[in-house]
Amino acid sequence: MRGVRPAKTGRGHVNLEALNKVAIAMVEPGRGILAADESTGTIKKRFDAISVENTEDNRRDYRELMFRAAEAMKYVSGVILFDETIWQKAKDGAPLVKLIEQAGAIPGIKVDEGTRPLHGAKPGELVTKGLDGLDKRLPKYYEQGARFAKWRAVIDPTNLSYAGLLANAHALARYANLCQEFDIVPIVEPEVLMDADNDIDTTYAVTEWVLKETFQQLYYLNVALEGVVLKPNMIVPGKKAAKQASVDEVAEKTIKCLKACVPSVVPGIAFLSGGQSDELATAHLSRMNEIGGFPWKMTFSYGRALQAAPQKAWSGKAENVAKAQAAFLHRARMNGLASKGEWKPDLEKQAA
Ligand code: 13P
């Protein structure tokens, strides 16, 4: 039989009401999450693409311009930060976390420490690191203003074993359990990658398996689903697949898969973009919300699909800040509309 959650944990009872309130705010229709939590290595790749040197000041300047984009931030419910950013101050000395709060968004923190080879059943499988010491880091992040966290597991749909999948799902559940103990809403992100040549039905089958195992592990570890936000991939074919899918097919298969796997007490689902083009990431989300008929709120938690345009517009130059903020506003507004099923392709043309 399932163990009963103890009334007291190391830090007192789990404050489900507060967790639930934050989770609901993160997925409020019309808004979504800005994933600005690129590690120093990942942001280097993004900066390389726009010929910007990957320095601490450039990372700060770039992120500051987004957090100060008041109009765009109206469509942002929460911001996921990398460890460096949560402690960073803006040029004028204001903590970046305060800028996010002043813009009406909730600060969050990426707490996983990337991946390492699992050396398990299949060569090439990865497992996410970062559980060691997490119970020491979480209260510090809370004190600094973080009310939610993120942990990303990475699954390659063309190379997976049950052992690898289980290790990743279990780590997600350990992380989620710890977050809730420290009054932090866990974003549970089991990402099935979209980079390979697999067809859409393979993505469906693998995502279904991963989600079922993830929710099983969350259940075993007594994670309160009312205080969780799920961050899944959409059901798309791999980027190199011979046959790509229509917006309708992606929307229908994604809804079907999630309905088969995600309990209805989960307040919301905030998708990753995973390398989809800006417009497709928006179109898929909007179509799903237009179709409706599911019990959760569905919104975005995009990194690339929100930031590619502002990054390009900025290109590391102070004189381009306003242009970058305008590009950010456009994508944030489009995705805000998509979270209500109200985006139309014509809206893209009007802005172009
Ligand atoms: P993308 O939207 O670029 O996939 O990033 C979202 C994210 O946070 C991945 O962990």
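Both ligands and their constituent atoms are indexed starting at 1 by order of listing.
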**Complete:** atom 6 (C) of ligand 1: closest protein heavy atom, distance to 0.1 Å, is K231 NZ, 3.3 Å
**Asked** Of all residues at least two apart in sequence or in a different chain, which pass the salt bridge (charged side-chain N to carboxylate O under 4.0 Å, His left out) check with D112?
**Response** K110
**Prompt:** Taking distance alone, with no angle check, do K150 and ligand 1 share an N/O pair under 3.5 Å?
**Reply:** yes
**Prompt:** For R174, does the CZ atom have more than 12 heavy-atom neighbours from other residues, nucleotides or ligands under 6.0 Å away?
**Reply:** no
**Asked** Rounded to the nearest 0.5 Å, how far does CE of M73 lie from CZ of F67?
**Response** 6.5 Å
**Request:** Answer with side chain, backbone, both or neither: which part of R152 has a heavy atom less than 4.0 angstrom from an atom of ligand 1?
**Result:** side chain
**Request:** Return yes or no for this condition: an N or O of G274 is under 3.5 Å from an N or O of ligand 1.
**Result:** yes
**Request:** For Y302, counting its heavy atoms only, list the atoms of ligand 1 lying under 4.0 Å from any of them.
**Result:** 2 (O)
**Prompt:** Going by heavy atoms, is K110 under 4.0 Å from ligand 1?
**Reply:** no
**Request:** Using distance alone, determine whether E189 and ligand 1 share an N or O pair under 3.5 Å.
**Result:** yes
**Request:** Give a yes/no on ligand 1: does S301 have at least one heavy atom closer than 4.0 angstrom to it?
**Result:** yes
**Item:** side chain to side chain contact (heavy atoms under 4.5 Å, CB included) partners for A173, two or more places apart
**Value:** Q217, L218, L221
**Request:** Could you tell me whether some N/O pair between G303 and ligand 1 is separated by less than 3.5 angstrom?
**Result:** yes
**Request:** Could you find the nearest protein heavy atom to atom 1 (P) of ligand 1 and give me its residue, atom name and distance?
**Result:** S273 OG, 3.3 Å
**Prompt:** Quick one: CG on L65 to CZ on F328, what's the gap to the nearest 0.5 Å?
**Reply:** 8.5 Å
**Request:** Decide if atom NZ of K297 counts as having more than 12 heavy atoms of other residues, nucleotides or ligands within a radius under 6.0 Å.
**Result:** no
**Item:** Parallel, tilted or perpendicular, as decided by the 30° and 60° cut-offs, for the rings of F294 and W296
**Value:** parallel
